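Because the structure is a prediction, the values reported are computed rather than measured. Just so it is clear, the values below take in all heavy atoms, side chains as well, and ignore hydrogens, waters and symmetry mates. Letters A, B, ... are given to chains in the order of the sequence lines, protein chains preceding strands, and every chain is numbered from 1.
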Protein chains: 2
Amino acid sequence: MFEGQDTAAIYVARWADAVATPAAGPCPVRDVLDKIGDKWSMLLVMTLAAGPRRFNQLHREVPDISQKMLTQTLRDLQRDGLVARQVFDTKPPSVEYRLTDLGQSLIVPIGTLIEWANKSIPRIEASRTHFDQVS
Amino acid sequence: MFEGQDTAAIYVARWADAVATPAAGPCPVRDVLDKIGDKWSMLLVMTLAAGPRRFNQLHREVPDISQKMLTQTLRDLQRDGLVARQVFDTKPPSVEYRLTDLGQSLIVPIGTLIEWANKSIPRIEASRTHFDQVS
DNA sequence: CTGAATCCGGTCCGATACTG
DNA sequence: CAGTATCGGACCGGATTCAG
């Protein structure tokens, strides 16, 4: 029916198991998914995937992020253990951010998703155009 | 350094290429990523991955979604061509939603991400606890 | 250079009530 | 059964200003 059907079936089964549990407290999967969709998190992760960066360096490479959101997003990523923050006691001070091992392990799953996105964009946009014309 | 390093390197390179383009208009990758993080989209996709569902059936299987958001999210998914909507002209009327081929092709990338989330949750929560205690 | 603090508009989304 | 319409709070995130 579609490529990767068997693999998909496995994921569907696992998903069914996961949500079948009473899930004491908020669902951890949703929690992670929220961060993925967060406006800047994944953008920064992929930027840091190319190597460690300083604060303003990140600000230059992701021009349309505000200082506030850059600080906040980096702090959240650090809190989740995806990014490590190292302060150099120089003058003026400089701070370097780098992916942790956990953060690096996220590159492949995100990459899979980005690859899907790039491949599917034409069909999605075509579908949108058609949908909007009908309605 | 970490498992999947070679694969990761490929994704990093591709990502660099993707963002290097001037990106006329809004970045399509961000556009898709936004939908992933959308509060309900992926939850519905994974629920529909198990098979077609009627409206109220979905409402029962995802209890904490409001009628409004269920309608709205399904319409957005339909607009993007991920979900097909079929109306049966019965009394009372019934409407069935199912994943399109495009929607099905999303199961594997999402599944990869969910698998990462499940595997990484313990480390993430440990990191959060540690971070909160320090600060 | 690397932030923190504040203000504020826009958007998301839940609750509720109504319709064919 | 399968929606639509409206209201209102909460939160996200941008712009600006101040600080170590």
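- When distances run from any side-chain atom of B:Met69 to the nucleotides C:dA4, C:dG14, D:dG3, the shortest one goes to C:dG14.
- Within 4.0 Å of B:Phe88, counting heavy atoms only, lies no atom of the nucleic acid at all.
- Atom C1' of nucleotide C:dG3 and atom CZ of A:Arg54 are separated by 14 Å, given to the nearest angstrom.
- A salt bridge is defined here as a Lys NZ or Arg NE, NH1 or NH2 lying under 4.0 Å from an Asp or Glu carboxylate O, and A:Glu96 with A:Arg53 fails to meet this definition.
- The distance between atom NE2 of A:His59 and atom C1' of D:dG13, rounded to the nearest whole Å, is 13 Å.
- As a whole-Å value, the separation of A:Leu74 CG from C:dC1 C1' is 14 Å.
- With respect to A:Arg123 and B:Asp101, no salt bridge is recorded, no charged nitrogen being found less than 4.0 Å from a carboxylate O.
- With distances taken from any side-chain atom of B:Pro92 to the nucleotides D:dT6, D:dC1, C:dA5, the minimum falls on D:dC1.
- Atom CE of A:Met42 is separated from atom CD1 of A:Ile110 by 5.0 Å, given to the nearest 0.5 angstrom.
- At the heavy-atom level, A:Lys39 lies under 4.0 Å from the strands shown only through sugar-phosphate atoms.
- Using a 4.0 Å heavy-atom criterion, one finds that A:Gln72 contacts no nucleic acid atom at all.
- Look at CG on A:Leu70: it is 10 Å from C1' on C:dT2, rounded to the nearest Å.
- We find that B:Asp31 and A:Arg128 are joined by a salt bridge, their nearest charged nitrogen and carboxylate oxygen being less than 4.0 Å apart.
- A:Lys35 has its NZ atom 11 Å from the P atom of D:dG13, to the nearest Å.
- The overall bend of the helix from C:dC1-D:dG20 to C:dG20-D:dC1, read as the angle between its terminal helix axes built from five base pairs each, is 40° when rounded to 10 degrees.
- Evaluated for a side-chain contact (heavy atoms from CB on, under 4.5 Å) with A:Trp40, the options A:Leu77, A:Ile65, A:Leu70 yield exactly one hit, A:Ile65.
- Rounded to an integer number of Å, the gap from A:Gln67 CD to D:dT16 P is 12 Å.
- You'll find the side chain of A:Leu48 reaches within 4.5 Å of the side chain of A:Leu58, heavy atoms only.
- Phosphate proximity of D:dG3 to B:Tyr97: present, with a side-chain N or O under 4.0 Å from OP1 or OP2.
- Remark: A:Asp80 does not engage A:Arg75 in a salt bridge, criterion side-chain N to carboxylate O under 4.0 Å.
- Heavy-atom nearest nucleotides on DNA chain D were determined for A:Ile65 and for A:Pro93, and the one closer to the 5' end corresponds to A:Ile65.
- Nucleic acid contact for B:Arg75: none, since no nucleic acid atom lies under 4.0 Å from a heavy atom of the residue.
- Spacing between atom NZ of A:Lys68 and atom P of C:dT6 amounts to 12 Å, rounded to whole angstrom units.
- If you measure from atom CZ of A:Phe55 to atom P of D:dG20, you get 17 Å, rounded to the nearest angstrom.
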